Amino acid sequence: MYREYRTIEEVAGPLMLVRDVDDVKYDELGEIIMPTGEVRRCRVLEVNGSDVLVQLFESSAGLNLEYSKVRFTGHGVQLPVSREMLGRVFNGMGEPIDGGAKLIPEAVRDINGTPINPASRKYPSEFIETGVSTIDGLNTLVRGQKLPIFSGSGLPHANLAAQIARQAKVRGTDEKFAVVFAAIGITFEEADFFISDFKKTGAIDRTVLFINLASDAAIERISTPRMALTAAEYLAFDCNMHVLVIMTDITNYAEALREVSAARKEVPGRRGYPGYLYTDLATMYERAGRREGSDGSITMIPILTMPEDDKTHPIPDLTGYITEGQIILSREIYRKGYLPPVDVLPSLSRLKDKGIGAGRTREDHSGTMNQLFAAYARGKEAKELMVVLGESALTPIERLYAKFSDEFEARYVNQGFYEDRTIEQTLDLGWELLHILPKSEMKRIKPAILDKYW
């Protein structure tokens with residue numbers, strides 16, 4: 001049995017001080033038993049001799065210090081895991097909220113997990129088809145990769161997240177594919193959108209949803225992504241599945257971290273975020289990947305809204321250092337009505353060369369990707385010149401590039417949230433657009449490939 005303490009000294013907001021406690025560890029899970037029999041959970045934030053500072057997961061309203069008891073469980077926050085999680089909806093603490101029965105766990109795991117040992121990591125090399133041309137064709141996602149989406153407030157990143165969750169698949173294999181979706185600090189309306197979208201399209205059958213609402217406690221927000229990753233690790237490395245983890249919105253997670261840090265009176269770092277924000281994000285992101293000796297894998301797409309669309313803000317800045325590239329959504333493209341509004345030029349997948357080519361996608365993929373990228377960049381420059389000098393100042397070839405730029409955005413970037421394009425359709429569309437330019441401009445495609453596909 002756990003020892004119970006009646007030594008609650010004070011409560012200040014979500015924090016509570018308990019005195020004369022022994023053998024309690026940092027990050028341990030505690031339970032507060034109210035006089036009514038109600039149980040609320042807390043987590044140890046600080047141990048100072050026999051004094052313990054804990055943070056409550058639920059609100060501290062109605063807490064009677066004199067008659068309430070505290071007991072510590074001897075372990076951190078844990079998640080019961082099972083194959084039966086697929087098709088279920090949980091809250092940020094891993095409790096079912098879909099009206100279904102409680103899980104019968106096959107195992108119970110600590111949510112802090114263990115990052116993959118670099119020596120036992122397998123190199124990401126298999127193409128994942130998302131059905132989105134701007135990702136598949138130009139910034140290819142590879143199995144085991146961490147590829148974040150940088151968005152801004154008001155941009156439709158939720159729709160893009162739902163589209164990728166619905167459409168993503170590993171081609172050429174009949175291996176099991178699952179999606180673990182963590183919604184962090186979202187509104188009730190957004191939560192309803194994700195649940196109903198997955199149910200309507202049938203994607204829920206292969207999805208595990210963890211939903212943490214904006215009205216839930218900040219400390220629960222810190223646990224939600226770790227709950228999702230613990231479920232993903234079980235499905236990937238115990239059940240040998242390909243798992244795609246989508247997390248939205250990492251900015252809400254970092255805000256919760258800042259709130260807890262301020263409550264603990266820690267010295268703030270950049271913009272008030274704790275100095276360990278980089279380490280903290282890395283402990284989550286580095287749980288993605290592939291392990292030697294296991295067929296399963298975890299591929300991660302964290303989504304974050306950049307405050308004031310600022311790429312140098314600490315959250316996108318540090319995320320960019322840890323992950324292998326970024327997909328950036330553009331307000332300018334969104335205003336033109338093109339969906340999903342991916343800004344191709346600053347977006348980058350550092351592993352895109354590893355998952356493409358003959359046997360994976362198609363032999364012409366690498367050449368067309370580089371050619372489309374170069375042509376679009378030159379077309380954008382021509383459009384800027386046109387604004388300053390007028391169209392008459394452009395050479396005939398520059399006008400063709402400007403036309404290419406418009407067509408590329410209208411047909412390649414713009415595909416809506418319910419069109420699922422195969423990689424062949426994406427590559428064929430790329431060739432179609434390149435025909436706007438003369439064959440002599442195809443300087444980035446090998447002559448043999450150009451002759452075959454032109």
Side-chain angles (χ1 to χ4, degrees), residues 124-143 145 147 149 156 159-173 177 244 299 301 324-330 333 336-377 379-380 403-437 441-442 444-446 449-450 452-454:
S125 63
E126 287 163 272
F127 168 66
I128 289 183
E129 187 175 270
T130 63
V132 180
S133 288
T134 41
I135 298 177
D136 292 350
L138 302 169
N139 294 293
T140 314
L141 178 65
V142 179
R143 201 178 132 209
Q145 183 177 5
L147 185 63
I149 294 174
N159 303 66
L160 181 57
Q163 182 177 18
I164 294 170
R166 277 196 312 271
Q167 297 178 178
K169 53 193 158 296
V170 177
R171 283 166 59 95
T173 66
F177 192 85
L244 176 65
T299 308
I301 300 184
E324 293 109 13
Q326 68 278 332
I327 304 288
I328 296 180
L329 302 190
S330 154
I333 291 175
K336 291 179 182 176
Y338 298 152
L339 300 172
V342 175
D343 195 353
V344 170
L345 297 180
S347 295
L348 167 73
S349 166
R350 293 194 182 98
L351 298 177
K352 62 186 175 188
D353 300 335
K354 307 296 178 283
I356 62 174
R360 291 199 177 101
T361 52
R362 210 166 72 183
E363 57 182 342
D364 59 321
H365 193 156
S366 179
T368 52
M369 174 175 74
N370 294 332
Q371 189 64 60
L372 286 166
F373 205 85
Y376 181 53
K380 293 285 275 185
K403 183 187 174 193
F404 172 86
S405 167
D406 290 338
E407 287 286 312
F408 179 82
E409 285 178 4
R411 293 175 59 196
Y412 196 95
V413 175
N414 181 36
Q415 69 173 80
F417 292 119
Y418 289 92
E419 185 183 344
D420 185 357
R421 290 181 187 164
T422 64
I423 187 62
E424 287 79 17
Q425 287 172 320
T426 292
L427 292 172
D428 292 344
L429 178 59
W431 279 107
E432 211 176 300
L433 290 166
L434 288 173
H435 274 81
I436 294 170
L437 304 167
E441 290 294 305
M442 303 295 119
R444 290 169 188 267
I445 302 175
K446 290 177 181 168
I449 301 255
L450 187 59
K452 182 174 174 182
Y453 289 93
W454 189 260

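On a predicted model such as this, the values are computed, not experimentally measured, just so you know.
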Test side chain to side chain contact (heavy atoms under 4.5 Å, CB included) on Val342 and Leu138; report intermediate values, then the result.
CA-CA 11 Å; Val342 175; Leu138 302 169; over 6 Å; no
Apply side chain to side chain contact (heavy atoms under 4.5 Å, CB included) to residues Ile445 and Leu434 and explain how you reach the verdict.
CA-CA 11 Å; Ile445 302 175; Leu434 288 173; 4.2 Å; yes
Trace of the salt bridge (Lys or Arg N to Asp or Glu O under 4.0 Å) decision for Arg362 with Asp428
CA-CA 11 Å; Arg362 210 166 72 183; Asp428 292 344; 3.0 Å; yes
Would the distance check show the side chain of [X] and the main-chain N or O of [Y] forming a donor-acceptor pair, the cut-off being under 3.5 Å?
X	Y	result
Glu129	Ile423	yes
Gln163	Gly131	no
Gln425	Thr422	yes

Just checking, any donor-acceptor pair under 3.5 angstrom between side chains of Ser133 and Arg421?
yes
Identified side chain to side chain contact (heavy atoms under 4.5 Å, CB included) partner of Lys352 from the options Glu324, His365, Met369
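By the side chain to side chain contact (heavy atoms under 4.5 Å, CB included) criterion, Lys352 pairs with just one of Glu324, His365, Met369: Met369.
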When Leu427 is tested against each of Ile356, Asp364, Asp136 for side chain to side chain contact (heavy atoms under 4.5 Å, CB included), which residue passes?
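One option only clears the test, and that one is Asp364.
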Can you give me the closest heavy-atom contact between [X] and [Y], atom names plus distance?
X	Y	answer
Ala168	Phe177	O-CE2, 3.4 Å
Asp343	Ser330	CB-CB, 3.5 Å
Ser125	Arg360	O-NE, 3.0 Å
Leu429	Arg411	CD2-O, 3.5 Å
Gly337	Asn414	O-OD1, 4.1 Å
Tyr376	Phe408	CD1-CD2, 3.5 Å

Distance check, rounded to the nearest 0.5 Å: [X] atom [atom1] versus [Y] atom [atom2]?
X	Y	atom1	atom2	value
Glu432	Tyr412	CD	OH	12.0 Å
Glu419	Leu339	CD	CG	12.0 Å
Ile327	Ser347	CD1	OG	5.0 Å
Gln326	Leu147	CD	CG	8.0 Å
Gln145	Thr140	CD	OG1	8.5 Å
Ile164	Phe417	CD1	CZ	10.0 Å

With a sphere of 6.0 Å drawn around [atom1] of [X], does it hold more than 12 non-hydrogen atoms of other residues, nucleotides or ligands?
X	atom1	answer
Arg350	CZ	yes
Lys169	NZ	yes
Lys336	NZ	yes

Start with the C-alpha gap between Leu244 and Ile301, add the side-chain angles, then the distance that decides, and say whether side chain to side chain contact (heavy atoms under 4.5 Å, CB included) holds.
CA-CA 8 Å; Leu244 176 65; Ile301 300 184; 4.0 Å; yes
Any idea how Trp454 and His435 line up, ring-wise: parallel (<30°), tilted (30 to 60°), or perpendicular (>60°)?
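Rings of Trp454 and His435: parallel, as their planes differ by under 30°.
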Test log, rule side chain to side chain contact (heavy atoms under 4.5 Å, CB included), inputs Gln167 and Thr130:
CA-CA 6 Å; Gln167 297 178 178; Thr130 63; 5.7 Å; no
Listed partners of Phe127 passing ring pair (Phe, Tyr, Trp, His ring centres under 6.0 Å), at least two apart
none
Output all residues satisfying side chain to side chain donor-acceptor pair (under 3.5 Å) with Asn139, sequence neighbours left out; order by chain, then residue number.
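With sequence neighbours excluded, Asn139 shows a side chain to side chain donor-acceptor pair (under 3.5 Å) to no residue whatsoever.
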pair Pro156-Pro340: side-chain heavy atoms closer than 4.5 Å:
no
Check the pair Lys380, Glu409 against salt bridge (Lys or Arg N to Asp or Glu O under 4.0 Å), reporting the backbone distance first and the verdict last.
CA-CA 11 Å; Lys380 293 285 275 185; Glu409 285 178 4; 3.5 Å; yes
